[in-house]
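A short worksheet on the structure shown next.
A note on names: the letters A, B, ... follow the listed sequences, proteins ahead of strands, and every chain is numbered from 1. FYI, side chains are in, hydrogens and waters are out, and symmetry mates aren't considered; it's all heavy atoms of this structure. Fair warning: this is a prediction, and the values are worked out from it, not measured in the lab.
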Amino acid sequence: MFDVAVIGGGVIGGAILRKLSSYNLKICLLEKGNDVCVGQSKANSGIVHAGFDASVGTLKAKFNVLGNAMMPKYARELGVKYENNGSLVVAFSDEEMITLGELKERGIRNGVQGLEIIDQAKLRELEPNISPNAVGALLAKTGGIICPYELTIASIGNAMDNGATLFTNFEVDKINAGDSFEIYSANGQKVQSKIVVNCAGYGSQKVANLIGDYSFTIGGRRGEYILLDRESGGFAKHTLFFTPTKKGKGILISPTVDGNLLLGPTADEVDFNNTDTTQIGLQSVIDKANEMCVGVPTYNVITSFAGVRAYCDKHDFIIEESNVKNGFINCVGIESPGLTSAPAIAEYVVDEIISKRITLTKNPNFNGVRKPDYFFSKLTVEEKNEIIKKDPSYGRIVCRCERITEGEIVRALTQNPRATDIDGVKRRTRAGMGRCQGGFCQPYVADLIAKVNGVTIDKVTKNGKGSEIVVGETK
Amino acid sequence: MKVYDVVIIGGGPAGLAAAVSAYDSGAESVLILERDDVLGGILNQCIHNGFGLTRFKESMTGPEYADRFIKEVRKRNIEVKLKTTVLDLCEDKTVTAINEREGVFFVRGKAVILAMGCRERSRGALNVAGTRVAGVYSAGTAQKYVNVKGFLPGKNVVILGSGDIGLIMARRMTLEGAKVHAVCEIMPHSSGLKRNIVQCLNDFDIPLYLNHTITRIDGDARVTGVQISKVDQNKKPILGSEFYIPCDTVLFSVGLIPENELSKNAGVELSPKTKGAVVYQNRETSISGIFACGNVLQVHDLVDFVSEEAELAGKSASEYARRGDREKDCVNCIAKDKITYVLPQKIDKNQSGNVTLFFRANGVYKNCRVVVENDGQEVLSLKKRVVVPGEMERVILTEKIIKALNGDLTLKIVE
Ligand SMILES: Cc1cc2nc3c(=O)[nH]c(=O)nc-3n(C[C@H](O)[C@H](O)[C@H](O)COP(=O)(O)OP(=O)(O)OC[C@H]3O[C@@H](n4cnc5c(N)ncnc54)[C@H](O)[C@@H]3O)c2cc1C
Ligand SMILES: Cc1cc2nc3c(=O)[nH]c(=O)nc-3n(C[C@H](O)[C@H](O)[C@H](O)COP(=O)(O)OP(=O)(O)OC[C@H]3O[C@@H](n4cnc5c(N)ncnc54)[C@H](O)[C@@H]3O)c2cc1C
């Protein structure tokens, strides 16, 4: 019997799991995918928002501002790259300048610090590539960027190092709610727990329905992105937003913590599992980016992708115990700024909600520090050689674009939460994320996955069953 | 730090031929750094025939061709470090490399030869819409799975791009029991060798769709089909021309890009056209003492020409190691009408001997003339029955012409 079962291995489930692992509790995470972090948390903008967007008094506003303040320390403990690069909301007309004033006012009321309206000259000085049509901007000094999948994987790994159990390929399909919860997966696994936290993102409505909770509905809104080569990373230093209009927020241009340049996202209503990119969507990203800046190096595209926002009909986060059943907690409708809010949401869910149902005592052995997943290329020559002496596989480069060594890949395949497929290795190590997109290293990575798991290459998948990378031996 | 006469980065056909030639022209210490387990480069996965026809007048497989050069290297006192990746190259010709035995280490070459080959353009670079599922490979990656690992990536295949690797993989997959439903090419002509179109497509009844591209990839866990569209003159898909082919595999053979990250970091000037270094006729780059050859310099169609170019670079590097830098008297070679690029881009009039200019046409031209002009005068004109982008052409300028050059030289095709 577990004390708490968390459903959904995204950034929210991960942050809650980690927080729970700091207490003396028996906890587990149930994830439907072959790996953790396969939902919204893997495909988003990676922005640590300042907090001026959300309406005053909403949970979004509250947790955004709190999460933003917690993020630097949170990321440092987990060995996750975070950068306080600041963001700029850019105005293209006097009318939009007025909107910026309102945004600033709202931000101040939400508790955001370091907001400043700047004029065209200052804007150009900060961002030389900005369009000449831009007239000014709202500078948010607390805006930042982070790697969202790294953050999710690291929180889950850290929780596991502190005793949490992970079940993957566990699609919650049936829940018997009595004194405790019996949770069944579609493929016949069963877990029993006193408390359940529903963080299943786009699946959260279905999960709530399983206990008869029909209090909310979840919709899907797709966002398409284009990622440019690291060569173009310096094109923008801040995260650049358009001024929000009635039609929405528009796309952004932002550097990523890994030094690439990200353009996107679009916004259109879709089914949850529709993460297809479209020609129209990608073209609109390019067009909008060219409105924001001059000479966007779109010839340097290395990949495009899409994520689907799971938003709630109430248009705010829902973070509360279900009215239908005690001990069943919903954390749903966590759309943007959910990534930013994750550490604050986790603290609130555990210390304010779960603590009312179960006594929390500190786990004396809790260690919240985790070594970064990929790190080797950042070390000094002496440090590298020290490691290679102990483990020569760190002297073998597997991914030539991102310079990832065999040692790092084996580490990703063996440490919590273990990668078991090509995409899992990619998200943990960046092998295959560079400009050749795995063309060179994929066969090597596949070999290593096969070797570590004692199987042949035809059992290796891209991201779970049905995505085998080869179909059989040659003649 | 250990200093060598010549340090060669990359042990493919270019690196191998450069090493032998550098050694034979007097370099006393030659080092090859190769990141793979074996020498031979991309040839190791090219198990088809057709290598060496020009140079050895016989048809060999890739590994057989490589083996000839590996044997020559082994006969000589040439040092080889395998499983060793070069991480960095400095302008002063210090090379930083890493391997399991020595960790991160440094060597210096009096001369350095860049022979890193090229990489394939990926699906991502084309921004093809659709899902990002299993079953999408670059042709070279598929070739590696099939020829080196012994596994078939899929059974029902559509290939985008009619470059040589795509054509060769169409045949290879067919021979391994897969069905290749189509090869799509966005251009009005193939970029592959004529003989490959005949031997790899026609002989197996594989349809080649010119002026077509893949506009969407479908699938959940693995590819289930692709949407193909005809394109207009601006390579934009024509609405309404779409058709659908169910398949489980898509191979991209959409071009090779010289692997010039190291060169760029060292400060070597690169050509936006070839994506390789700008070189003099002796294959010296903008940094004196750094040379380049093979696919890292320009994407070759035939390995025979890679070897030829590498020998030139090896000899030049060896000379440089002995004699150091020399004064240059330089003119530019400029590609004009109907020509994509010319190499070398610069001619040093102080160097002796004839100069061969390599170039590619930007389209298919029949019964044309290749014209070299200097100082407003035609210095050379060559009749051609046909030139195509897929086959590299050459013209030879005699030493006499070179010495008489006055200012920049231009090359064009006249129909
Ligand atoms: C396009 C886009 C851009 C965004 N940009 C930003 C940004 O810049 N800054 C920011 O702060 N936020 C941003 N967000 C929001 C942020 O990404 C989300 O708020 C956050 O990732 C939500 O995390 P989650 O854990 O709730 O959901 P998810 O990451 O979706 O996790 C849910 C998990 O539950 C699993 N699951 C589903 N059903 C079941 C089931 N039945 N049983 C078991 N497991 C199940 C899924 O497989 C998934 O792994 C963006 C979102 C999108 C889509
Ligand atoms: C799929 C394919 C099919 C072909 N078919 C034919 C054919 O039928 N007939 C024909 O004549 N030609 C063919 N060719 C062309 C011919 O094989 C190439 O032109 C030739 O291999 C290029 O030689 P290279 O040495 O320049 O590059 P490569 O063979 O690519 O060698 C480069 C070497 O450098 C190494 N390297 C790169 N970076 C580093 C680093 N940082 N540190 C250490 N080592 C490094 C690489 O590992 C590699 O071994 C084909 C090419 C390909 C790709």
Notebook entry, point to check: Is it the backbone or the side chain of Tyr299(A) that comes under 4.5 Å from a heavy atom of chain B, or both, or neither?
Noted result: neither

Check: So does Asp248(B) pair up with Lys155(B), basic N to acidic O under 4.0 Å?
Finding: no

Check: Are the charged groups of Asp268(A) and Arg221(A) less than 4.0 angstrom apart, N to O?
Finding: no

Item checked: Segment of Ile469(A) engaging chain B (4.5 angstrom heavy-atom cut-off) -> both

Check: For Ser138(B), is it the side chain, the backbone, both, or neither that has a heavy atom closer than 4.5 Å to a heavy atom of chain A?
Finding: side chain

Margin query: So for Val136(B), is it side chain, backbone, both, or neither that comes closer than 4.5 Å to the heavy atoms of chain A?
Written below: neither

Item checked: Asp423(A), part contacting chain B, at a heavy-atom distance under 4.5 Å -> neither

Item checked: Val146(B), part contacting chain A, at a heavy-atom distance under 4.5 Å -> both

Next item on the list: Check whether Ile226(A) gets within reach of chain B through its side chain, its backbone, both or neither, counting any heavy atom under 4.5 Å.
Entry: side chain

Notebook entry, point to check: What part of Arg132(B) gets closer than 4.5 Å to chain A, counting heavy atoms only: side chain, backbone, both or neither?
Noted result: both

Check: Between Arg428(A) and Glu408(A), is the closest basic N to carboxylate O distance under 4.0 Å?
Finding: no

Margin query: Is Val128(B) in contact with chain A via its backbone, its side chain, both, or neither, using a 4.5 Å heavy-atom distance?
Written below: backbone

Notebook entry, point to check: Checking heavy atoms, do the side chain of Lys144(B), its backbone, both or neither come under 4.5 Å from chain A?
Noted result: side chain

Margin query: Can you tell whether the side chains of Lys206(A) and Glu171(A) come within less than 4.0 Å, N to carboxylate O?
Written below: yes

Next item on the list: Determine, for Asp276(A) against Arg222(A), whether the closest basic-nitrogen to carboxylate-oxygen distance falls under 4.0 angstrom.
Entry: no

Checklist line | Salt-bridge criterion met for Asp421(A) and Lys462(A) (N-O under 4.0 Å) | finding: no

Note to self: Quick check on the interface: out of Gly407(A), Ala306(A), Gly281(A), who has the most heavy-atom pairs with chain B under 4.5 Å?
What the structure shows: Ala306(A)

Item checked: Heavy-atom pair count under 4.5 Å with chain A, highest-scoring of Ala142(B), Gly140(B), Pro153(B) -> Pro153(B)

Next item on the list: With a 4.5 angstrom heavy-atom cut-off, could you sort out which part of Ile257(B) is near chain A: side chain, backbone, both or neither?
Entry: neither

Notebook entry, point to check: If you tally heavy-atom pairs under 4.5 Å against chain B, which of Thr303(A), Asp229(A), Ile387(A), Asn385(A) wins?
Noted result: Asn385(A)

Next item on the list: Take Arg430(A) and Asp258(A) through the test salt bridge (charged side-chain N to carboxylate O under 4.0 Å, His left out) and record every step on the way to the result.
Entry: CA-CA 9 Å; Arg430(A) 284 187 72 71; Asp258(A) 294 301; 3.0 Å; yes

Note to self: Under 6.0 Å between ring centres: does that hold for Tyr137(B) and Phe252(B)?
What the structure shows: no

Note to self: Between Arg222(B) and Asp220(B), does any side-chain N to carboxylate O distance fall below 4.0 Å?
What the structure shows: no

Notebook entry, point to check: In terms of heavy-atom contacts, does CD of Glu473(A) have more than 12 from other residues, nucleotides or ligands at under 6.0 Å?
Noted result: no

Checklist line | Closest-packed option against chain B by number of heavy-atom pairs under 4.5 Å, given Glu406(A), Glu468(A), Arg400(A) | finding: Arg400(A)

Note to self: Quick check on the interface: out of Glu231(A), Arg396(A), Gln279(A), Lys465(A), who has the most heavy-atom pairs with chain B under 4.5 Å?
What the structure shows: Arg396(A)

Checklist line | SB check Glu261(B) Arg403(A) (cutoff 4.0 Å) | finding: no

Notebook entry, point to check: Side chain, backbone, both or neither: which part of Thr215(B) has a heavy atom under 4.5 Å from chain A?
Noted result: both

Margin query: Between Glu120(B), Glu259(B), Arg101(B), Arg35(B), who has the most heavy-atom pairs with chain A when the cutoff is under 4.5 Å?
Written below: Arg35(B)

